[in-house]
Novice: 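Quick one: the structure is below, and I'll ask about it shortly.
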Amino acid sequence: MTQVQNVPTLRLNDRREIPQLGFGVFQVPPAETEAAVTRALEVGYRHIDTAAAYRNEAGVARAIAAVGLDRSEVFITTKLFNDDHGREQAQRAFATSLERLETDYVDLYLIHWPVPSEDRYVETWQALEEFHREGRARSIGVSNFNLEHLERLGSETETVPAVNQVELHPYLAQRELRAYQRDHGIATEAWSPIGQGKGLLDDPVLTGLAQKYDRSPAQVVLRWHVQLGNIVFPKSMHAERMRENIDVFDFELAGDDMQEISALDRGAGGRMGPDPDRFG
Ligand code: NAD
C-alpha cells in the first residue's frame, strides 16, 4: 500500500513545481533498484533522482509500474553524463534515458558535470533548451556548476537553469553559490545532503540538536536544508530510514540552531566528492 507524504513543492523559474524532498539512487545497484524504489514509493516518496551514469534508470521505471502509479504522479530527474557532451551526443543520450525510463518526458533533465576541460557545456545546454522547447524535458538544469559556469550560460544562452544540483551539507554549505542562485532564480539542489551518512552525523553539534528536538541527526540535517530552501533526495536502502528521512515536515529548528549548523561549514575542505573544476 502506498501513502503520499506531506512533502511541500517548490516553484521553479519555469513555473513548474518540484517536491522539495525526494529519493536519490546513486550507488543503488541496478539489480536492487526496482526493489529500493518500490519501497521508497510505498513509503510515500514521489520524486526520484537518477542519472544515466547510475545505470539504474530501468529499475526506476519498473518500480513505478510495479507500484501502479501513473507517470504523472512521480517527479523524475535524470542526468546527461560526461562522455555525452555536444549536441548530437546529447540527443542520443537523452533518447536513451527516455527509453530506459519508459517515458516520453522527464520532469527534470540535468547536465551532470560541466567538464570544463572539454569546454562543450554551452553547446550541451543548447541541446537541453531544445528538449525543453519540445516538452520532452519539462524542466532543465545543471549539476556541479560553479559560479563561473553559471555566468557563462547566463551570457551565452537564453535559458536560466531551473536548478543547480551540487554537493551541499553542513560541512560544505556553499554559501556564495546559494546566494548567487537565489539572486538569479536558480533553485539549489543538495547532493549528499546528509554527508553520505558518515562522520557528519556524529558531529556533536548535530547529535546535541538531535537530542534537543528528539529527532535523529539525519532528520536535523534534512530539516536544516528544508529551512534553507534546498531541494534534497537522501539515499537509503532501508524502509525504516526512508521513513525517517521523509519525516521532517512537522518540526522547526530555531534560528540560532540553524546558525549553529551553518557554522559547521568547512568551505572547500568539507568536500566529500570530486571537485567539479577537475572532474571528468
Ligand atoms: P546521502 O547524503 O544521501 O547519504 C546516503 C547514505 O547515508 C546512505 O548510503 C546510508 O549509508 C546513510 N543514511 C541514509 N539515511 C540515514 C539515516 N537516516 N541515518 C543514518 N544514516 C543514513 O548521500 P548520496 O547518496 O551521495 O546523495 C544522495 C543523492 O544525491 C544520490 O543518491 C544522488 O541521487 C544524488 N547525488 C548526485 C551527485 C551529482 O553529482 N549530481 C553526486 C552524488 C549524489
Side-chain angles (χ1 to χ4, degrees), residues 18-30 32-33 36-37 39-40 43 45 47-57 59-60 75-82 97 106-115 121 140-146 149 161 163-174 177 187-203 206-207 209-210 213 215-226 230-248 270-280:
I18 182 170
Q20 195 178 3
L21 190 143
F23 182 66
V25 294
F26 176 47
Q27 288 175 333
V28 176
E32 295 169 44
T33 303
V37 175
R39 230 171 282 143
V43 162
Y45 289 82
H47 165 180
I48 309 295
D49 184 86
T50 183
Y54 304 168
R55 303 162 59 86
N56 56 19
E57 292 167 306
V60 172
F75 188 103
I76 303 176
T77 299
T78 194
K79 316 184 188 89
L80 170 142
F81 203 49
N82 300 347
S97 282
V106 290
D107 296 280
L108 179 59
Y109 195 47
L110 306 181
I111 299 178
H112 206 148
W113 296 86
V115 197
Y121 61 86
I140 52 173
V142 296
S143 176
N144 299 301
F145 275 44
N146 64 26
H149 310 136
V163 313
N164 185 18
Q165 180 180 126
V166 294
E167 181 182 344
L168 202 176
H169 40 70
Y171 286 164
L172 180 64
Q174 301 274 22
L177 188 64
T188 297
E189 294 197 329
W191 64 255
S192 294
I194 53 172
Q196 303 174 356
K198 295 172 244 164
L200 173 70
L201 298 182
D202 299 321
D203 191 290
L206 296 171
T207 54
L209 289 172
Y213 287 91
R215 294 285 171 149
S216 71
Q219 287 176 315
V220 169
V221 176
L222 291 168
R223 183 68 211 178
W224 172 80
H225 282 288
V226 166
N230 299 338
I231 298 159
V232 286
F233 19 79
K235 174 230 163 190
S236 172
M237 298 298 279
H238 310 287
E240 207 43 50
R241 280 180 168 173
M242 291 177 187
R243 267 188 221 103
E244 178 184 323
N245 293 345
I246 202 173
D247 183 20
V248 296
R271 199 180 280 290
M272 298 178 182
D275 179 347
D277 265 332
R278 279 184 275 277
F279 190 66

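Both counts, for ligands and for their atoms, begin at 1 and track the order of listing. Predicted model only: the values in this text are computed from it and were never measured.
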Novice: Parallel, tilted or perpendicular, judged at 30° and 60°: which one describes the rings of Phe145 and Tyr121?
Specialist: perpendicular
Novice: For residues Ser97 and Glu57, is any side-chain donor paired with an opposing acceptor at under 3.5 Å?
Specialist: yes
Novice: Show me, pair by pair, the donor-acceptor contacts under 3.5 angstrom made by side chains of residues 232-242, not counting sequence neighbours?
Specialist:
{"residue": "Ser236", "atom": "OG", "partner": "His238", "partner atom": "N", "Å": "3.1"}
{"residue": "Glu240", "atom": "OE1", "partner": "Arg243", "partner atom": "NH1", "Å": "3.1"}

Novice: Could you tell me which residues satisfy salt bridge (Lys or Arg N to Asp or Glu O under 4.0 Å) with Asp275, sequence neighbours excluded, listed by chain and number?
Specialist: Arg278
Novice: Is the distance from the ring center of His112 to that of Tyr54 below 6.0 Å?
Specialist: yes
Novice: Tabulation required: pairs of a nitrogen or oxygen in ligand 1 and a protein nitrogen or oxygen under 3.5 Å; columns are atom names and distance to 0.1 Å; otherwise 'none'.
Specialist:
{"residue": "ligand 1", "atom": "2 (O)", "partner": "Pro193", "partner atom": "N", "Å": "3.3"}
{"residue": "ligand 1", "atom": "2 (O)", "partner": "Ile194", "partner atom": "N", "Å": "3.0"}
{"residue": "ligand 1", "atom": "2 (O)", "partner": "Gly195", "partner atom": "N", "Å": "3.4"}
{"residue": "ligand 1", "atom": "2 (O)", "partner": "Gln196", "partner atom": "N", "Å": "3.0"}
{"residue": "ligand 1", "atom": "3 (O)", "partner": "Lys235", "partner atom": "N", "Å": "3.0"}
{"residue": "ligand 1", "atom": "7 (O)", "partner": "Gly197", "partner atom": "N", "Å": "3.3"}
{"residue": "ligand 1", "atom": "9 (O)", "partner": "Lys235", "partner atom": "NZ", "Å": "3.3"}
{"residue": "ligand 1", "atom": "15 (N)", "partner": "Asn245", "partner atom": "ND2", "Å": "3.1"}
{"residue": "ligand 1", "atom": "18 (N)", "partner": "Glu244", "partner atom": "OE2", "Å": "2.9"}
{"residue": "ligand 1", "atom": "18 (N)", "partner": "Asn245", "partner atom": "OD1", "Å": "2.9"}
{"residue": "ligand 1", "atom": "26 (O)", "partner": "Ser192", "partner atom": "OG", "Å": "2.8"}
{"residue": "ligand 1", "atom": "27 (O)", "partner": "Ser192", "partner atom": "N", "Å": "3.1"}
{"residue": "ligand 1", "atom": "32 (O)", "partner": "Gly24", "partner atom": "O", "Å": "3.4"}
{"residue": "ligand 1", "atom": "32 (O)", "partner": "Val25", "partner atom": "N", "Å": "3.3"}
{"residue": "ligand 1", "atom": "32 (O)", "partner": "Phe26", "partner atom": "N", "Å": "3.0"}
{"residue": "ligand 1", "atom": "34 (O)", "partner": "Asp49", "partner atom": "O", "Å": "3.4"}
{"residue": "ligand 1", "atom": "34 (O)", "partner": "Asp49", "partner atom": "OD2", "Å": "2.6"}
{"residue": "ligand 1", "atom": "40 (O)", "partner": "His112", "partner atom": "NE2", "Å": "3.3"}
{"residue": "ligand 1", "atom": "40 (O)", "partner": "Asn144", "partner atom": "ND2", "Å": "2.9"}
{"residue": "ligand 1", "atom": "40 (O)", "partner": "Trp191", "partner atom": "NE1", "Å": "3.4"}
{"residue": "ligand 1", "atom": "41 (N)", "partner": "Ser143", "partner atom": "OG", "Å": "2.9"}
{"residue": "ligand 1", "atom": "41 (N)", "partner": "Gln165", "partner atom": "OE1", "Å": "2.9"}

Novice: Check salt bridge (Lys or Arg N to Asp or Glu O under 4.0 Å) between Asp107 and all other residues, then give those that pass, not counting sequence neighbours.
Specialist: Arg71
